[in-house]
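Counting convention: from 1, in listed order, for ligands and their atoms alike.
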Amino acid sequence: MALAVGMRVLTRALLRPWARGLRAAPGRTGPAAGGGDGVRCFRSPRVLVEPDPAAGVAVVKMRNPPVNSLSLEFLTELLISLEKLENDKTFHGIIITSDCPGIFSAGLDLTEMCGRDPEHYAEYWKAVQEMWLRFYLSNLVVIAAINGISPAGGCLLSLTCDYRVLANNPKYAIGLNETLLGIVAPFWFKDTLVNTIGHRSAERALQLGLLFPPAEALRVGVVDQVVPEDQVQSTARSVMAQWLDIPDHARQLTKILMRKPTADRLLTERDADIENFVRFICKDSIQKSLHAYLEKLKQKKG
Ligand SMILES: CCC/C=C/C(=O)SCCNC(=O)CCNC(=O)[C@H](O)C(C)(C)COP(=O)([O-])OP(=O)([O-])OC[C@H]1O[C@@H](n2cnc3c(N)ncnc32)[C@H](O)[C@@H]1OP(=O)([O-])[O-]
């Protein structure tokens, strides 16, 4: 127990400075609204939180149209929502899902990584790290109800969860496809995938930038369950009920035991990781490929 408390204190101490920054962000979330039973419910422009106090569960819906790309503002709102739910003793679990039809998340926002200055890249990368750390180490049970395509950072977000339910739609591919963009998934993206599907499968998936359709995703273990599209939310709810049946402190401690070594790697190399990212993303060749990729996405529409 002392070990767990120590680890929690350490993690919170390391995360607090950035969290303070989040709380101080002006005008980003709307005022708390009544959620019934004295539970405070809240919403922000890009995150809709639907609390179910009786079940101890909140559904967190991402709504950053058109594709739920993880912009700096969106990441900030997601983190504030998570922190509020963690600090509210009513909640023991969250289900993260999308409010954008057909898309869970298109991953990191390419416009945050293109044509900006190094200070911006550093700030953005710190927010991406923070998203990963906070979701990966959350004391809540976190279940992803994946109701759309989920490449790269979208896949990473779902990999931070404790359980993944994917809708059985051939368009809803999931994976870390960074190499297809000419970029490299950082070591902590890689570690999270290795922890989920094992070294050999992760190596193949990462080198080839594989986006797995549902049956493949289930076979390789990127997701835990594939269900008909209209059953994604209900399945996530019933899985949540099973997880919440486990004594909370034992489950939380076990989660930390399993995940802390991976998180510690980033926590100890956080600044170096930001420097690496900034150096990498500022390269002319990388900027050119990202610009070309964004152009291709835009032209696809026209
Ligand atoms: C080291 C770094 C590690 C990196 C990790 C990452 O996650 S890297 C990220 C890896 N992610 C990927 O490789 C996924 C790239 N995205 C896609 O493949 C497709 O958008 C889709 C399949 C998600 C949805 O297809 P669909 O036909 O439904 O939609 P659509 O294609 O018509 O797009 C609509 C609008 O959204 C825009 N936009 C799209 N994505 C992004 C983005 N990430 N960001 C910003 N913007 C994005 C798109 O330009 C268009 O803008 P417009 O013209 O309206 O101004």
Check the pair Y136, N195 against side-chain hydrogen bond (donor to acceptor under 3.5 Å, both in side chains), reporting the backbone distance first and the verdict last. CA-CA 12 Å; Y136 199 58; N195 290 351; 3.1 Å; yes
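- Heavy atoms of A106 found under 4.0 angstrom from ligand 1 belong to the backbone as well as the side chain.
- At a heavy-atom cutoff of 4.0 Å, ligand 1 is contacted by the side chain of L181 but not by its backbone.
- Residue L108 has at least one N or O atom closer than 3.5 Å to an N or O atom of ligand 1.
- The G107 neighbourhood of ligand 1 comprises atoms 7 (O), with distances under 4.0 Å to a heavy atom of that residue.
- Taking every heavy atom of P151 and a limit of under 4.0 angstrom, the matching atoms of ligand 1 come to 14 (C).
- Here is the list of ligand 1 atoms found below 4.0 Å of a heavy atom in P66: 34 (C), 35 (C), 36 (O).
- Of the inter-residue distances, the one linking L72 atom CG with Y124 atom OH reads 8.0 Å to the nearest 0.5 angstrom.
- Using a 4.0 Å cut-off to heavy atoms of N177, the atoms of ligand 1 that qualify are 13 (O).
- Distance check, rounded to the nearest 0.5 Å: CD1 of I286 to CE of M113 gives 10.5 Å.
- The N/O atoms of G153, backbone and side chain alike, include one that comes under 3.5 Å of an N/O atom in ligand 1.
- Residue-level proximity to ligand 1 for V184 is carried by the backbone, the only part with a heavy atom below 4.0 angstrom.
- Considering backbone and side-chain N/O atoms, A152 never comes within less than 3.5 Å of an N/O atom of ligand 1.
- Considering backbone and side-chain N/O atoms, F277 never comes within less than 3.5 Å of an N/O atom of ligand 1.
- In this structure, OG in S158 is found 11.5 Å from CZ in F135, a value given to the nearest 0.5 Å.
- Note: F277 and Y121 have perpendicular aromatic rings, judged against thresholds of 30 and 60 degrees for the angle between ring planes.
- A heavy-atom distance below 4.5 Å is found between the side chains of L133 and R270.
- Relative orientation of the W188 and W132 rings is tilted, given thresholds of 30° and 60° on the angle between their planes.
- Counting only distance, with no hydrogens or angles, the side chain of K255 and the backbone of L140 share a donor-acceptor pair below 3.5 Å.
- Minimum interatomic distance between A236 and A145 (heavy atoms only, all atoms of both residues): CB-CB, 4.1 Å.
- Figure legend: cation-pi geometry between R46 and F74 absent, as NZ or CZ is not positioned both under 6.0 Å from the six-membered ring centre and within 45° of its axis.
- Considering backbone and side-chain N/O atoms, W125 never comes within less than 3.5 Å of an N/O atom of ligand 1.
- Taking a 4.0 Å cut-off on heavy atoms, I281 fails to register as neighbouring ligand 1.
- Within the 4.5 Å cutoff, no side-chain heavy atoms of D52 are placed close to those of V59.
- Contacts between L70 and ligand 1 below 4.0 angstrom, taking non-hydrogen atoms only, are absent altogether.
- Contacts between D109 and ligand 1, counted as non-hydrogen atom pairs separated by less than 4.0 Å, involve both the backbone and the side chain.
- Backbone and side-chain nitrogen or oxygen atoms of Y293 are examined, and one is located within less than 3.5 angstrom of a nitrogen or oxygen of ligand 1.
- The distance from ligand 1 to the heavy atoms of I103 drops below 4.0 Å at these ligand atoms: 24 (C), 28 (O).
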